[in-house]
Structures are given as C-alpha cells and as structure tokens.
Amino acid sequence: MKLAQRLLLGALLIVSVFMIVAVTLSGRRLRTQLQQLTSAQLAREARLVAQQWRPGIDPDGLADSSGVALGHRVTLVDATGRVLGDSEFDGPALTALQNHNMEARSVGTGTSRRVSPSEGDEELYVAVSASGGKIARVSIGTAELDTIVSRARRDVLLSGFVALVIALALAVVFSRQISKPVTELRDVASAIAAGDLTRRPAFSAPGEIGELATAVQRMAEQLGSRMQALEAEDELLGALVESLNEGVVAVDRQRRVIRINRSGRLLLDAQADTPFSVTLLPRDRTLQEALAEALAGGVVERVETQFGNRTLALTARPLGVGGAVLALFDLTGTRRLETVRRDFVANVSHELKTPLTAIRGFAETLSSELADDPQHAQFAETIRTNAERMQHLIDDLLDLSRIESGGWAPTPTIVDVAAAAVEAIAPYRDEATRRGTSIQVAVDPAATTVRADPVALRQALGNLVENAVRYTPSGGSITIFSRMEARGISVGVRDTGAGIPSDHLPRIFERFYRVDPARSRAAGGTGLGLAIVKHLVEAHGGRVRAESQVGRGTTVSLFFPGS
C-alpha cells in the first residue's frame with residue numbers, strides 16, 4: 001500500500017472514530033442534562049400548583065387550569081393516594097385512575113421515569129408535597145426529550161460528515177505533498193544503489209523532506225567522489241599487479257580465484273576468466289596445502305615446488321575480509337644458474353686438485369733439498385703453504401657442491417655428543433695450545449646423544465672449532481656444548497673471541513663472506529666453513545643460529561630435530 005493511501009485511510013479512520021465517540025458521548029450527556037433541567041422545571045411547576053391548592057378549591061378544576069397554563073399534565077393526589085384531579089382525565093375516567101403512593105410524602109420532592117398505565121407511553125414525573133399530606137405532580141412525555149436528543153445527534157453527525165469531507169480533502173492534498181517528494185527520493189536512492197551516481201533530487205522543500213533531499217544529494221556527491229577515488233586506486237593497483245614479474249593470485253572465501261595477473265596465468269597455465277574455482281589451478285600438493293593454510297587464517301612463508309620444468313617459490317597469506325592471496329616467484333633461471341655454477345665449481349675443483357697435489361709435492365721436495373739455501377727454501381715453503389691452502393679450498397668447494405647437488409644425503413644414527421666433540425677437537429688441539437686457548441666440552445646430562453649423521457656432525461663441529469681457534473685470542477676459551485630443546489637437541493660451539501658485529505650476523509653463513517677479509521685471509525680461512533655447516537645441518541631438517549657480541553665472543557648453535 002502506498003504512502004498516500006495509508007495517509008487517506010488513516011485520516012478516514014481517525015475522523016470516523018472521532019465522530020462515533022462524539023455522537024455517543026454527546027447524546028448521553030445531552031439526554032442526562034436535558035432530563036435534569038426538565039426535572040428542575042417540572043419541580044418548580046409542581047410547587048406552584050401545590051401553593052395554589054388551598055382548602056375549598058376544586059382539585060380537578062385546578063388541575064385542568066394548571067395543565068392548560070403549563071402545557072404539561074398536572075395530577076393532584078390526596079393523602080390517601082386517591083387522585084382528586086388530573087388535567088388529562090375527567091369524570092368517570094378520573095375515578096378509574098389508580099391510587100399513588102408517592103416518594104414525595106417522605107422526602108418532599110420525588111422524580112421518576114416510567115411508562116404511564118393511563119397514557120401508555122413513557123413519562124417523566126416530578127411530585128412535590130402540599131399541605132395536609134397532599135401531592136401535586138407534573139409530568140411530561142419523554143418523546144419530546146428523545147426528539148431533542150435525536151436532533152442534536154443528527155446535527156453532530158452532519159457536522160462530523162462535513163469535517164470528514166474537509167479532513168479527507170486536506171489529507172489528499174497533504175499526502176500528495178508528502179508522497180510525491182518521497183517517491184522521487186525513493187527513485188533517486190534506487191538509482192544510486194544501482195550505480196547511477198549522477199541522479200539528484202529535482203525539488204526543494206521546507207522541513208524534514210527538504211533536509212532529507214539535501215542529505216541524499218550530499219550522499220550522492222560523496223559516493224561519487226569516493227567511487228572515483230576507488231576506481232583510480234583500483235586502476236593503479238591493477239596496473240601495478242599486472243606489471244609485476246611475480247605471479248599474484250587472489251582467492252575469496254568461496255574458494256574462487258577473483259584476481260590473477262599475467263605472470264600468474266603464465267606460471268600456473270590458467271586461462272579461465274575470473275572468477276573461477278581453485279580446482280582449475282594445477283593440482284600441485286604444495287600449492288593446494290599453502291592455499292588451504294592461508295584460507296584457514298595461517299601464513300605460509302616461502303616454500304618451493306616444481307611445476308613441470310619450472311621451479312616456483314610460493315608465499316600465501318590470509319586476507320582480512322576472508323580469502324587468501326598467493327605470491328609466485330619463478331626460480332627456474334636462478335636454479336639453472338646455480339646448477340651451472342655448481343657444475344663449474346665441481347669441474348674446476350676436480351681439474352685443479354691433481355696439479356695442486358703435484359705442486360704441493362714438488363714444493364715439499366724442494367723445501368727439503370734447499371735446506372742449505374734459506375732464501376730458496378723460503379720460496380719453496382711459500383709455494384707449499386699456498387698450494388695446501390688452495391687444496392683446502394678445493395676440498396671445501398667439492399664438499400659444498402656435493403651437498404647442494406643432492407649427491408650426499410645424511411644417514412642419521414644415535415651419536416654420542418661427547419665422543420663426537422673429542423674427535424672434532426683433536427685436529428686443532430695443538431694449535432689451540434700453541435695459541436694459549438683452552439678447549440672444553442660441556443654436555444647437558446639430558447642431551448648426551450643426538451640423532452645425526454656422525455661424519456657430518458664431526459665435520460660441522462670441526463669447522464666451528466677451527467673458526468673459534470682461529471679468532472680466539474690467547475687466554476680465551478672454547479666450549480663445545482649440548483642442550484635439550486622443545487623438539488630436539490642443540491649442539492654448538494661457544495668462544496670468547498673478538499665477536500661479530502650484529503649487521504654481519506645474517507650473512508656469515510654465505511659462501512666466501514668475510515666479516516674482515518684481510519684478517520680472515522691472514523688467518524688462513526677459506527670462507528666456506530660456515531656455509532658447509534649450514535648445509536649439513538639443513539640436510540638433517542635442522543637449522544643454525546649465531547649469536548655474538550663484539551669483544552665478548554660468539555655462539556653458534558646447531559639444532560637437530562628428534563631425540
């Protein structure tokens with residue numbers, strides 16, 4: 001039902017109810033007041049007749065003359081209740097009237113309303129007492145009172161009908177004045193909701209309707225401005241996403257791909273138009289698990305997977321409104337270069353190992369034969385020392401290439417930490433003694449064994465001890481320790497050496513990285529020891545961690561999962 005119809009029906013209902021209530025109440029009140037006034041008038045007339053009723057006056061004649069003068073029925077009754085005179089009856093009819101025992105004898109004045117036995121209609125009686133216990137009564141037919149009340153009700157109904165017509169006319173005008181702007185505002189709001197932000201209210205009105213129209217206009221203007229800003233931002237974001245070399249895939253909470261850039265389509269071989277179900281993406285386990293984790297609210301850091309001949313790095317994060325976003329980075333070129341590098345390093349190392357062995361042997365021979373010529377002996381020793389250093393470097397490169405290429409896999413067993421520590425210390429104990437550095441083993445009673453490849457553990461601890469001996473000054477100490485952790489055991493080496501600045505710590509496990517290149521080269525390091533340690537531990541599924549303070553020493557921990 002429309003607003004104008006509701007207003008008209010409301011006005012009609014209100015005026016109709018008001019008319020019914022007014023007619024009902026006014027009729028009742030008018031009848032009551034009219035009866036009271038008539039009773040008072042009849043009482044005065046009865047008292048007047050009672051005063052004129054003196055001894056010697058004919059009662060019936062007095063009743064007749066008084067009835068003519070007053071225009072009402074007058075009845076005179078003696079003390080016994082016998083009717084002596086009545087303005088409506090004479091002769092035999094008078095004697096036939098019944099006796100009356102009126103209330104006026106006891107209270108002086110009486111009023112009653114009843115059907116008259118003699119007249120046959122309802123009348124209003126008022127009686128007053130006269131001298132000698134006599135009663136003078138005046139009555140009037142109630143039909144006259146009912147006629148007055150009926151006329152009054154008719155007048156009220158007529159007035160109400162006129163008021164109803166006027167109210168309906170005003171309601172029609174008022175409803176049109178309200179419904180027309182409201183209807184226009186409705187149409188404007190519907191158009192704005194449908195996306196037409198150019199629509200505006202085409203009227204101005206006073207009061208609340210005008211304020212509402214102004215508010216709708218301002219809302220449309222603000223929405224238009226914000227939509228333009230959002231469209232510009234979305235266009236910029238779309239251009240940025242499309243220009244990325246990394247693939248970007250956005251998935252909503254219904255597991256539908258709602259956005260994917262050109263690189264993402266190329267990497268995932270996805271040709272369907274968005275939105276489309278994630279089931280159309282490659283059925284790669286790593287990809288699906290990362291997507292499920294992100295949709296569940298988790299964060300998936302960089303993981304690698306293989307799509308055909310491509311190697312991809314995946315990162316997945318949840319969206320605040322539900323859904324997830326995947327970032328894909330193509331590592332195929334990088335991995336290919338790393339393979340070429342490993343192959344090159346391995347081939348070059350193999351090719352250099354034989355001549356370096358010969359150079360080292362010849363240098364040792366020359367050094368012993370030229371013992372009488374100190375200068376030439378020094379030259380030969382320098383050749384031997386550098387050949388030995390290069391041979392160590394080549395050995396480390398070969399080890400690192402073998403680990404990175406997958407040519408070596410650990411064979412974990414239960415290894416005694418103390419025994420492995422003693423074996424790792426043995427090659428460097430003399431050098432530590434010469435430098436004045438003490439080496440000790442502190443094994444936690446709760447972590448006496450570790451599940452690891454015994455050769456790899458000894459090599460990793462040996463590299464750490466070698467570095468600690470090389471950079472710990474005289475009077476310092478080196479400790480091989482173990483401790484129990486939440487999901488495994490940590491084994492490590494702690495020294496009191498020079499320490500490493502905090503800005504260098506994240507890179508010390510990179511190959512050939514040196515905190516102080518001149519000092520490291522003078523100390524004889526190859527720059528590959530910590531890189532080998534990291535790869536050995538990660539091959540076990542573990543991790544390495546370094547902590548250091550300049551001037552207070554360094555601690556390197558190797559975490560091995562399991563027990």
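Fair warning: this is a prediction, and the values are worked out from it, not measured in the lab.
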Would the distance check show the side chain of R458 and the main-chain N or O of A420 forming a donor-acceptor pair, the cut-off being under 3.5 Å? no
Is it the case that over 12 heavy atoms from other parts of the model lie below 6.0 angstrom from the CD atom of Q378? no
Is a salt bridge present between R483 and E485, judged by a nitrogen-to-oxygen distance below 4.0 Å? yes
Between T449 (side chain) and V415 (backbone), is there a donor-acceptor pair under 3.5 Å? no
Does a side-chain heavy-atom distance below 4.5 Å link L312 with D330? yes
Would you compute the distance between atom CZ of R494 and atom OG of S548 and round it to the nearest 0.5 angstrom? 12.5 Å
Separation of H540 NE2 from T411 OG1 (nearest 0.5 Å): 8.0 Å
Identify the heavy atoms of F329 and R302 that sit nearest to each other, and give their distance. CD2-NH2, 4.2 Å
For the residue pair D495 and T554, establish whether any side-chain heavy-atom pair is separated by less than 4.5 Å. yes
Residues, nucleotides or ligands: over 12 heavy atoms within 6.0 Å of R434 CZ: yes
Minimum heavy-atom distance I260-F276, with the two atoms named: CG2-CE2, 4.4 Å
Distance in Å, R451 CZ paired with L457 CG, rounded so as to fall on 0.5 Å steps: 13.5 Å
Of V443, V441, V422, the one forming a side-chain contact (heavy atoms from CB on, under 4.5 Å) with V417 is V443
Main-chain N/O of P282 paired with Q288 side-chain donor or acceptor, under 3.5 Å: yes
Measure the shortest side-chain to side-chain distance between L328 and S263 over non-hydrogen atoms and say whether it is less than 4.5 angstrom. no
Test item: D252 side-chain N/O and G323 main-chain N/O as donor-acceptor pair under 3.5 Å: no
Backbone of D444 reached by a side-chain donor or acceptor of S482 within 3.5 Å: yes
To the nearest 0.5 angstrom, please state how far the CD atom of E466 sits from the CD atom of Q459. 10.5 Å
Minimum heavy-atom separation for A424 and P427, please, with both atom names. O-CD, 3.4 Å
Between E301 and R317 (salt bridge meaning N to carboxylate O under 4.0 Å), is one present in this structure? yes
Determine whether a donor-acceptor pair (N or O, by modelled atom type, separation under 3.5 Å) exists between the side chain of S277 and the backbone of R256. no
Gap between atom CZ of F481 and atom OG of S490 - 0.5 Å precision: 7.0 Å
Are V469 and T437 side-chain neighbours, meaning at least one heavy-atom pair lies under 4.5 Å? no
With side chain to side chain contact (heavy atoms under 4.5 Å, CB included) as the test, would you mind laying out the steps for V278 and V257 before giving the verdict? CA-CA 6 Å; V278 295; V257 176; 4.0 Å; yes
Closest heavy-atom pair, I489 versus A447, reported as atoms and distance to 0.1 Å, is CG2-CB, 3.8 Å
Should V325 and L319 be marked as a side chain to side chain contact (heavy atoms under 4.5 Å, CB included) after you check the CA-CA gap, both sets of side-chain angles, and the distance that decides it? CA-CA 7 Å; V325 60; L319 296 176; 4.1 Å; yes
Do P318 and V299 touch side chain to side chain, with heavy atoms closer than 4.5 Å? yes
Does D453 use its side chain to pair, donor to acceptor, with the backbone of A409 at less than 3.5 Å? no
So CZ of R255 and CG of L291: to nearest 0.5 Å the spacing works out to 5.5 Å
Does the side chain of R507 come within less than 4.5 Å of I500's, by heavy atoms? no
Can you see which heavy atom on S477 is nearest to which on T472, and at what distance? N-CG2, 4.1 Å
Going by heavy atoms in the side chains, are V249 and N261 under 4.5 Å from each other? no
Write down the atom of Y428, the atom of I439, and the distance for their closest heavy-atom approach. O-CD1, 4.4 Å
Can L464 and L558 be said to form a side chain to side chain contact (heavy atoms under 4.5 Å, CB included), step by step? CA-CA 10 Å; L464 295 180; L558 315 178; 4.0 Å; yes
Does Q306 offer a backbone N or O that forms a donor-acceptor pair with the side chain of T311 under 3.5 Å? no
Report yes if some heavy atom in the side chain of L314 is under 4.5 Å from a heavy atom in the side chain of L326; otherwise report no. no
Within the side chain of R310, is there an N or O that forms a donor-acceptor pair under 3.5 Å with the backbone of T305? no
